[in-house]
Amino acid sequence: MTQDSKASEPNAARFDRRKNILFGRDKDSIIKGFFGSTATVAIVVLALITLFLFKEGFGFLGSYHKSLQEYRLSGLEYVDILKEPRDDFSALNRYLNDIRAEWIRDLNARGLSREAVSRTVTSPKAKALFLSYIRAGSQLRGFIKKKMDAAIEVRDRYQTNENLRETLQGYAEKIEAVSEPGYRLSPEDRAQFALRLKESIRDNTLQADKLPANQEILAALEKGSPLTAAAQEIYLQLLRKQYLKTEATLRPVDFSQSINTITDEQERYAEILFNLEMDIRKVLKRADAIDFENKSLDKRIQRFRELNDQYLASIPKHKAKLASWDQNVEVPLWRALAAFLAGKDWVTASDQQDWYGLLPLLSGSLLISLIALFFAVPFGVGAAIYVNQIAGPLERNLIKPYVEFVSAIPSVVIGFFGVVVFGEAIRLLSQFEFMAWVPFFPLQERLNAFTAGALLALMAIPTIFTLAEDAINNIPRHFKEASFAVGATRLQTTLRVIVPSALSGIISAVMLGFGRVIGETMVVLLCAGNRIKIPDFSEGLGVFYQPVHTMTGIIAQEMGEVVRGSVHYRALFMVGIVLFFVSLLINYGAQWVVKKYRKVGD
Amino acid sequence: MNLAIQPERPKPNSASKAKAIIETRDFSFAYGPTQALFDISMDIHKKEVTALIGPSGCGKSTFLRCFNRMNDLIDNTRILSGQIKISGIDIYKRDVDVIELRKHVGMVFQKSNPFPKSIYDNIAYGLRIQGIKRKSELDEVVERCLRGAALWDEVKDRLGDSALGMSGGQQQRLCIARALAVKPKIILMDEPCSALDPVATAKVEELIHGLKTDYTIVIVTHNMQQAARLSDRTAFFYLGKLIEYGPTEQIFMNPENPKTEAYVSGRFG
């Protein structure tokens, strides 16, 4: 019938109904649904990752704040203030030792015999300076050691208590649960029960007449057969006993009391400082008796005097600082954040106080990125310009795949190459005489920011090259033609028309290269030297040859061995969040640059 | 009926050879394996407008781009035979200074292509790349060229604005002004009005007409009326060959070749 009607109406309109394929949906909407759902899944996964990162990281502030609070309450902070003059004094000692070493070198250089040198250096006059100076600080060192030990002990006891309280809490909950009528022992309970029972039998803490009954229960436990209510009662008793035993080991810490052992002996401390000052002055007076017969040494001794004067002048300030310290002042919450963001130390697993300061890591990351971009930008952008504007088709077909191929090298391979070949080569090279003109050669460290930066440049070049080349390639050909048509050379066309037009794309390529560099982990972990310290910028360009640690490196290195949920664990997540924001900022910046400076129409 | 493939030399040419500024002899040109131009010989005369017409792909644009060696920018192009002389110099000679040639032979493209710079900078570009930095000199040339391109009154108050903010017709006239800045003798125009509306087209045509007194203009166009209106001479190309070349009047009114006749009367193309 229908066939008939169709045959009779060959021109009947065919758009009266959509063709269903699956569950009443046509092909288009199925394809749309497929792509839509994959996009949704990607977004949801990303959102979950972000959420997780923030959840783990934000607990950091609370726990770090608590840790800082304990640091103050336990008196460790006070001890750290006490330590300042000691540390300064040690630095002065090192300076003096340096002078002594130089003096010995100088004497040797003058051709004195070994005996003569040692006679001069250990002469009573010299001893009066060098040895007496070291001895001057012994009282101070002893005093501070005592106070530090006291503070550490308080802190340790407090932390042990905290842990015990947690254990007790667990016992209390268990006891409560077991004493509920109708509670059935879980396998975990049974194991615990058997363990405790065995202990009791071994230690004979139960009455002798109950022994056979207990053996019976033990047998039942091991067989896995059900227990009587009486047996369960014994379990409860054992738990209670354990609770009491643990509670007995608790030795509560009263910070307001314990602080006295640290802050007492104020007069003694003042006396020590006074003696120190007297001793230093005495020693310095004796220094005049030694004739170094060398101008630069005289100058250094003079400088040493000045430093000592400064040191002694700073002591009243130190005393004032000690006096103003108050255990009872609450540590504000923002201090935890400030100590993280602006902290100069990253010290973990310390016997005193752990510090989670971002600055050494951030400065390391930025320093390495700077070095990497210093190399990668000229090479990447230059290669892009060359390949797109100057090279012939043959060269283009050679260079482009090769540069892009570099990005296919696994970063661990590049890192390995850096450790074994590049770092070593640079160090060996730096030790040749003819390289001495390069500042800061010869190098001491094989692994340093420069090694890592140079290798990261290698990884950033393909990114910068590819994106910059795309940007240049997107410049319409007619700009080039227009420029040539008024008699511009190739170089003029490239520099005055092509590059300025592609500048936004080139800048964003550089920024994405920066993002690539700052997020790179393996190479920096292997090659940067991993010394957690803010690079010493006072060395000028020498800062490039210092070992540093990075934000990515520290996460990779420490995440594996950290206790889950600890302050340290959360601190690593905070570093991750910072890294996340840095990358976000860079990407956003790159997009902003492209949008803002896009000049070219079509 | 004259069926000869080789076009008849137009009379003015033979009359005064001294007037020819571009002389092409047996010029053949190829893109890779594809030959695009076959043995072209024609003379273009000083201070005249010469139109190159023909259907798409006939090689007229290619031919035009040979005059300032713009085809050098395309990979795999080569000259098979013949030569082009401009002002008596073979421009494909080995030691020709292409940069100077392009200053001598300016070009305006099909699509207006001002640089993404200000109007002022667009025109000053040609001078700046020659190392001219004096503001007064640049100012003077910019004004001269904008006046020359009949654009001065429209843009004199916004010389610092981006050239990309101008209308399509203005942009094209700016491109002409830019070409004038380096004082060329010849201006090549590759379908300069194809992207413009009739009003803008009329303005550009008027401009071209005015420029004729100072410059030699070679224009490629698809628009037969335009060729008829503007040019003194017209060359008809078909499949890479020059079919007929002569005074415009003759090509349009009394073509010798039946193909020309068919094309100009709109029967194909």
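Every chain is numbered from 1, with letters handed out A, B, ... down the list of sequences.
Heavy atoms closer than 4.5 Å to chain A are found in both the backbone and the side chain of B:I99. Proximity to chain A is absent for every atom of B:R69, based on heavy atoms less than 4.5 angstrom apart. Of the two parts of B:F115, the backbone and the side chain both hold a non-hydrogen atom closer than 4.5 Å to a non-hydrogen atom of chain A. For a residue to count as touching a neighbouring chain, one of its non-hydrogen atoms must lie under 4.5 Å from one of that chain's; by this rule B:V98 does not touch chain A. Heavy atoms of B:I74 lying under 4.5 Å from chain A belong exclusively to its side chain. Only the backbone of B:P114 comes within contact range of chain A, judged by heavy atoms closer than 4.5 Å.
Among the residues in residues 462-472 of chain A, none has a non-hydrogen atom closer than 4.5 angstrom to a non-hydrogen atom of chain B. Taking 4.5 Å as the heavy-atom cut-off, the residues of residues 488-495 of chain A that approach chain B are A:A488, A:T489, A:Q492, A:T493, ordered by number.
The two residues B:R178 and A:A482 make their nearest non-hydrogen contact at NH2-CB, 3.1 Å. Contact between A:V486 and B:I129 at its shortest, heavy atoms only, is O-CD1, 4.1 Å.
Remark: B:K212 NZ is packed, more than 12 non-hydrogen atoms of other residues, nucleotides or ligands lying under 6.0 Å away.
Partners of A:E404 under the salt bridge (Lys or Arg N to Asp or Glu O under 4.0 Å) rule, at least two apart in sequence or in another chain, do not exist in this structure.
For residues 96-105 of chain B, every residue pair satisfying the side-chain hydrogen bond (donor to acceptor under 3.5 Å, both in side chains) rule, not counting sequence neighbours, is listed here: B:S87-B:H104, B:E100-B:K103.
Here the OG atom belonging to A:S501 is positioned 7.0 Å from the NZ atom belonging to B:K117, to the nearest 0.5 angstrom.
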Inset, instruction - List the steps and the verdict of side chain to side chain contact (heavy atoms under 4.5 Å, CB included) for B:Q110 and A:H478. - result: CA-CA 10 Å; B:Q110 175 172 11; A:H478 60 236; over 6 Å; no
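Electrostatic pairing of A:E481 and B:K111 does not count as a salt bridge here, judged by no charged N lying under 4.0 Å from a carboxylate O.
When side chains are defined from C-beta on, A:V497 counts as touching B:Y125, because their heavy atoms get closer than 4.5 Å.
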